[in-house]
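The first residue in the sequence is number 1, and the count goes up from there. Values in this document were obtained by computation on a predicted structure and should not be read as measured data.
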Amino acid sequence: MRRAVCPGSFDPVHHGHLDVVGRASVLFDEVVVAVGVNASKSRLFGPEERLAMLEEACAEWDNVRVDGFTGLLTTYCAENDVRAIVKGLRGAGDFEYELPMAHMNSSLTGVDTVFVPTRPEWSFLSSSLVKEVAAFGGDVAPFVPAPVLERLTARLAERRAHGA
Ligand code: PNS
């Protein structure tokens, strides 16, 4: 069984993420979308909400499941018999950021990283941009699954109501 992991914060998941997950599901027997819980970063959505949105968005793939992890990604990989980490690359900036992490992860436990070029139509997408555009009233419907758009709209409305 060749198992791979697609790690990320997914705050929230967007079509660029899902493109990479879907392509990883063709390359590997099983793909685990692993949601990192990094306490130092402030998130719009809590871990349970991010997991729920991903579970819904990944339901179409039989060999994809969703899980949460804390601590080192390499520990998660070792404990779950994960053979490869799959990361999408939108451009050279992502490569610069990801390469040291790939080397570090490989040095720690030997787990390899597979880079997948993001499709051009999603190469400008990031969760941060989606949140910023949505917060200022821009239309992000083309970039996220419909249930994510619903939650995003509701969360931003809640925040506005509380003056945040
Ligand atoms: O979507 P993000 O914010 O780029 O995801 C980052 C994530 C969760 C994949 C990354 O922060 C991570 O792997 N965190 C786990 C901690 C870890 O293993 N750190 C060492 C990296 S070499």
Side-chain angles (χ1 to χ4, degrees), residues 1-132 140 143-145 147-148 151-152:
M1 159 81 77
R2 283 174 309 165
R3 181 178 292 131
V5 71
C6 289
S9 307
F10 305 106
D11 186 44
V13 60
H14 55 65
H15 288 320
H17 294 131
L18 295 170
D19 168 43
V20 172
V21 171
R23 285 156 64 204
S25 79
V26 176
L27 297 171
F28 292 90
D29 299 319
E30 186 179 73
V31 173
V32 183
V33 181
V35 181
V37 181
N38 180 351
S40 69
K41 274 195 183 176
S42 74
R43 305 285 183 200
L44 186 59
F45 295 101
E48 294 78 16
E49 293 172 295
R50 286 182 271 143
L51 281 160
M53 285 187 276
L54 275 164
E55 262 155 23
E56 201 168 2
C58 295
E60 65 180 281
W61 298 295
D62 289 342
N63 65 337
V64 175
R65 61 186 173 85
V66 177
D67 199 6
F69 79 99
T70 53
L72 285 177
L73 180 59
T74 48
T75 304
Y76 181 87
C77 292
E79 287 174 351
N80 293 276
D81 193 25
V82 171
R83 306 267 289 273
I85 298 166
V86 178
K87 292 277 187 104
L89 291 184
R90 290 165 295 193
D94 278 355
F95 184 70
E96 294 276 331
Y97 177 71
E98 294 291 346
L99 190 62
M101 291 205 284
H103 285 316
M104 177 58 84
N105 286 332
S106 172
S107 304
L108 290 172
T109 59
V111 68
D112 238 322
T113 298
V114 173
F115 292 124
V116 174
T118 303
R119 285 198 199 290
E121 62 263 43
W122 307 127
S123 62
F124 59 91
L125 261 189
S126 68
S127 297
S128 308
L129 266 186
V130 165
K131 286 182 285 191
E132 182 174 335
V140 294
F143 311 128
V144 295
V148 172
R151 281 185 192 249
L152 185 56

- Message: Quick check for you: to the nearest 0.5 Å, what is the distance between Cys77 atom SG and Asp112 atom CG?
- Response: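 So the SG of Cys77 and the CG of Asp112 are separated by 11.0 Å.
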- Item | Residues forming a side-chain hydrogen bond (donor to acceptor under 3.5 Å, both in side chains) with Arg83, sequence neighbours excluded |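 Per chain and number, Arg83 pairs via side-chain hydrogen bond (donor to acceptor under 3.5 Å, both in side chains) with no residue.
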If you compare all heavy atoms of [X] against all heavy atoms of [Y], which two are closest, and at what distance to 0.1 Å?
X      : Y      : result
His15  : Pro145 : CE1-N, 3.6 Å
Pro7   : Lys87  : CG-CE, 3.5 Å
Asp94  : Gly88  : OD2-O, 4.0 Å
Ser126 : Arg90  : CB-NH1, 3.2 Å

- Task: Output every pair passing ring-ring contact (aromatic ring centres under 6.0 Å, His included) with a member in residues 46-74, not counting sequence neighbours, ordered by first then second residue.
- Result: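 Sorted pair list: Phe69-Tyr76.
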- Who are the salt bridge (charged side-chain N to carboxylate O under 4.0 Å, His left out) partners of Glu49, not counting sequence neighbours?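 If we apply the salt bridge (charged side-chain N to carboxylate O under 4.0 Å, His left out) test to Glu49, skipping adjacent residues, the hits are Arg155.
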- Query: Hey, are Asp11 and Lys131 close enough for a salt bridge, meaning a charged N less than 4.0 Å from a carboxylate O?
  - Reply: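 Salt bridge present between Asp11 and Lys131.
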Min side-chain heavy-atom separation [X]-[Y] under 4.5 Å:
X      : Y      : result
Val116 : Asp19  : no
Pro147 : Met53  : no
Leu152 : Phe45  : yes
Leu72  : Thr109 : no

- Message: Keeping Asp29 on the side-chain end and Arg2 on the backbone end, is there a donor-acceptor pair under 3.5 Å?
- Response: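 Checked: pair present.
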